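For reference, the structure is listed below as C-alpha cells.
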There are 2 protein chains.
Amino acid sequence: MNLESPRSRYQQVADDLRDAIKRGDHPPGSTLPSQPELARRYGLNQTSINRAIAVLRAEGLVRVEHGRGAYVQEIPTVKRVRRIDKEHRPHTGSSAYAEEMRKSGLTPRTELVRVDTVIPPAEIAELFGLGETERTLIRHRHMFAEDVPLQIATSYIPMSYAGSTDLALPDTGPTGIYSRLAERGHEPVRFTEEIEVRAPDPAEARFLRISEGQPVFEVLRVAIDAQDRPVEACVNILAALQWRLSYSWRQEP
Amino acid sequence: MNLESPRSRYQQVADDLRDAIKRGDHPPGSTLPSQPELARRYGLNQTSINRAIAVLRAEGLVRVEHGRGAYVQEIPTVKRVRRIDKEHRPHTGSSAYAEEMRKSGLTPRTELVRVDTVIPPAEIAELFGLGETERTLIRHRHMFAEDVPLQIATSYIPMSYAGSTDLALPDTGPTGIYSRLAERGHEPVRFTEEIEVRAPDPAEARFLRISEGQPVFEVLRVAIDAQDRPVEACVNILAALQWRLSYSWRQEP
DNA sequence: TAGTGGTCTAGACCACTGC
DNA sequence: CAGTGGTCTAGACCACTAA
C-alpha cells in the first residue's frame, strides 16, 4: 500500500482486488475475504475496505450478499442479437428472447406478471399520439434463464389496435402478438430500438439482483405498420453490465 | 429526515436532492449547496452528505469539480443513430458522426490523435484472424461538440488491406476510409455493432470528464466485405449516461 | 486566505446469515 | 451465537479553487 500515491487508498485496494480477480486468485462464485480480514491485511479501516468493495460492485465485478459475503460474479455476459439482414427471425411460435437464450445454452422462462389496460406513461402516450385519457393494453413480463432473473419487459398497444386484452392471452411473446396485430390489419413492417443507460429504480434493482449503483439498459422497441403508425412499444430493462447488445445489417449499395 | 426508515440516511438525502433537481429547484448548471451547508440542514455528518452526492454522481445527475462545487448536469443527451433501412447514409464526404452532431445543432470537431501501425489488442487480432506478430493500422481520434469531449474512436485495419498508413491521411472519417478500402477491392457491405457497458479506465474518465464510477458505452463496429472478411474494426467509447443509441430497420416479410 | 470537496480513522451500532 | 456486510459519527487532514 503506497501511502504517498496520488491514488487514494481505497482505490488502490479496489485496483488490487480487481487484478487478483482477473488473475483468477478469486475465481467466479467464490467470496472475497471478509472486510475485517481485508482491513487487517491492508492495514486499513473497515470503512475504507467497504468503500473499495463498493467500487467493484459498481463495476459489476462482485455481488454482495448481506451477512454472507462478497461473491465474485460468474460473468454471465449474455448476448442479445438483433439480426437485421436477410436471414431474418424464423416464424416459430417462440419469442426472439427464447431463441436467444437457447442459443446460449440456457433454459428460458417467462412469467406473465400482468395483463391489463392502463393510461400509459407520457413518453409512450406521445409516441402513439394518444390523449391524456386514452388507454393502452399493457403486458408486463419477467424473464429468467435457469431461474436467474434477466429481464423485465413491458409492452404497450393502443386499445384501438388491440381491441381487447384477449389479444395478449395466452402469453405468446412478441411473435404471437405481431401475428394477431397482422390479422387486424396492423402488421409491423418497421422497427426502431432506442438504447439508454440509467440507474435502476429500487424495484428493478431488487428483481435483477443488482445494487442500486449498477446501471441498467432501457431498450425501447417500437413496431411500426405499413401506414407508418406505431402499433406496439416494448420497454426492456436489463442489467447493463451483464449484457452485450448486438446489431447486424447489410449496407445497401 | 426519517431516522426510523429502512432506507439509509444518505439514500434519503440522495432521493431528496434528486427530487429537488427534477423539480427544478437546482437548475442545470447551478451548484448544489456546499457539503457542510447540507450537513447542517439535514443534521448529518459531512461524510454522509458526501456519500449521498456520490450516489447522484453515479447516476450522472451532478458533476463535481473539486474545490468549486457540485454542478447539476445540463443533460446533453445526444442521440446517435444507425439508420439501417433503405434511406441509407448519404455519400457526402463527412462522417456519420459529423452528420449526427449537425442534426443535433452542435458543431462537431475531430482531433486525429494518432495514426500508426501496431500489434492490436487480442480481441481485435482474433477478429481478423491475425497472428501474434501481425500488425494493423490504427487511427485514434478524439471527438468534440462545441469543445465538449464526447467520444473516443479507435479504428483498426489489417496492414494487408490498408497497404500503408497513407490510407488514413488526411483524416476523413469512416466514409473516406471505406471508399479507399473499396478502391483496394475490400468494400464493406455488411456491418455489425456490439454494445457493451463497463467502467471507464482512468484516461477515458479524464477525457470524457466523468468520474470513474460512471459507466461508458463501448461500441465495436466491424465492417465486413463481400467475401465475408472483416476489413475494419472501430471501437467507440462514449459516456453511457449522456447518449441514446438508436437503431432502425425494416422487417423483411 | 477561506471555502470547497475528498479521504481516512477509531469506534460504534445495526441487520442479516447460518450454526 | 459469531461472523458477515452496512451505516453513521466526530474529528481530522489533505488538495484544489478563487479572491
Side-chain angles (χ1 to χ4, degrees), chain A residues 1-17 26 29-58 61-73 202 205-206 209-214, chain B residues 1-17 26 29-58 61-73 202 205-206 209-214:
Chain A
M1 186 65 26
N2 177 1
L3 299 184
E4 306 307 317
S5 165
R7 197 149 176 87
S8 53
R9 301 186 200 176
Y10 78 91
Q11 282 285 6
Q12 292 182 54
V13 173
D15 293 346
D16 199 51
L17 291 173
H26 305 291
S30 69
T31 60
L32 297 184
S34 78
Q35 292 184 3
E37 167 64 14
L38 288 171
R40 195 192 58 71
R41 284 198 208 168
Y42 286 104
L44 294 177
N45 193 290
Q46 181 187 334
T47 308
S48 302
I49 299 297
N50 186 288
R51 210 169 162 188
I53 289 180
V55 171
L56 302 182
R57 291 175 63 169
L61 267 179
V62 302
R63 167 183 43 85
V64 173
E65 298 188 19
H66 195 163
R68 274 210 277 255
Y71 291 81
V72 178
Q73 278 284 28
R206 205 176 328 113
R209 295 189 198 160
I210 57 179
S211 64
E212 292 194 22
Q214 282 191 35
Chain B
M1 187 62 26
N2 178 3
L3 299 183
E4 304 309 318
S5 165
R7 197 151 176 85
S8 54
R9 301 187 198 176
Y10 78 90
Q11 283 285 6
Q12 291 182 54
V13 172
D15 294 346
D16 200 51
L17 291 172
H26 305 292
S30 68
T31 60
L32 297 184
S34 77
Q35 292 184 3
E37 167 65 12
L38 287 171
R40 198 191 54 72
R41 283 198 209 169
Y42 287 103
L44 295 178
N45 194 289
Q46 182 187 332
T47 307
S48 302
I49 299 297
N50 186 288
R51 209 170 163 187
I53 288 180
V55 171
L56 302 182
R57 290 174 65 169
L61 268 179
V62 303
R63 168 183 43 85
V64 173
E65 298 188 18
H66 195 165
R68 272 210 280 258
Y71 291 81
V72 178
Q73 279 282 28
R206 205 176 327 112
R209 296 191 198 157
I210 58 178
S211 63
E212 292 195 23
Q214 281 190 34

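Quantities reported herein were computed from a predicted structural model and do not represent experimental measurements. We name chains A, B, ... by the order of the sequence lines, and we start the count at 1 in each one.
- In terms of modelled atom types and a separation under 3.5 Å, the side chain of A:E212 and the main chain of A:P202 share no donor-acceptor contact.
- For C:dT9, one of the phosphate oxygens OP1 or OP2 lies less than 4.0 angstrom from a side-chain nitrogen or oxygen of A:S48.
- Along DNA chain D, the nucleotide nearest to B:R51 and the one nearest to B:N45 differ in position, and the one closer to the 5' end is contacted by B:R51.
- A:L56 pairs in a side-chain contact (heavy atoms from CB on, under 4.5 Å) with only one of the listed residues (A:V72, A:D15, A:L17), which is A:L17.
- The phosphate of C:dT4 has neither OP1 nor OP2 within less than 4.0 Å of any side-chain N or O from B:Q35.
- Between A:L44 atom CG and C:dT9 atom C1' the separation is 10 Å, expressed in whole Å.
- Close to D:dT9, at under 4.0 Å from its OP1 or OP2, lies a side-chain N or O of B:R9.
- Considering OG of B:S211 and CD of B:Q214, their distance stands at 4.5 Å, rounded to 0.5 Å.
- If you measure from atom NE2 of B:H66 to atom C1' of C:dG3, you get 11 Å, rounded to the nearest angstrom.
- In this structure, A:R7 atom CZ and C:dT7 atom P are separated by 10 Å, rounded to whole Å.
- Here the nucleotide nearest the side chain of A:S34, chosen from C:dT4, D:dA10, D:dG5, is D:dG5.
- OP1 or OP2 of D:dT7 lies within a sub-4.0 Å distance of a side-chain N or O belonging to B:S8.
- Between atom CD of residue B:Q35 and atom CG of residue B:L44 there is a gap of 12.5 Å, rounded to the nearest 0.5 Å.
- Between A:T47 and the phosphate of D:dC8, there is no side-chain N or O to OP1/OP2 separation shorter than 4.0 Å.
- Residues B:L61 and B:Q73 fail the side-chain proximity criterion, which asks for heavy atoms closer than 4.5 Å.
- As rounded to whole Å, 10 Å separates atom P of C:dG5 from atom CD of B:E37.
- If you take CZ of B:R40 and P of D:dA10, they are 15 Å apart, rounded to a whole angstrom.
- Residue B:A70 is the one, among A:Q46 and B:A70, whose nearest nucleotide of DNA chain C lies closer to the 5' end (criterion: closest heavy atom).
- Going from atom CG of B:L38 over to atom P of C:dT4 covers 10 Å, rounded to whole Å.
- For C:dG6, one of the phosphate oxygens OP1 or OP2 lies less than 4.0 angstrom from a side-chain nitrogen or oxygen of B:N50.
- Nucleotide C:dG6 holds its P atom 12 Å from the CG atom of B:L56, rounded to whole Å.
- A close approach under 4.0 Å does not occur between any side-chain nitrogen or oxygen of A:Y10 and OP1 or OP2 of C:dC8.
- Note on A:R68: every side-chain N or O is 4.0 Å or more away from OP1 and OP2 of C:dC16.
- With rounding to whole Å, B:E65 atom CD is found 12 Å from C:dT4 atom C1'.
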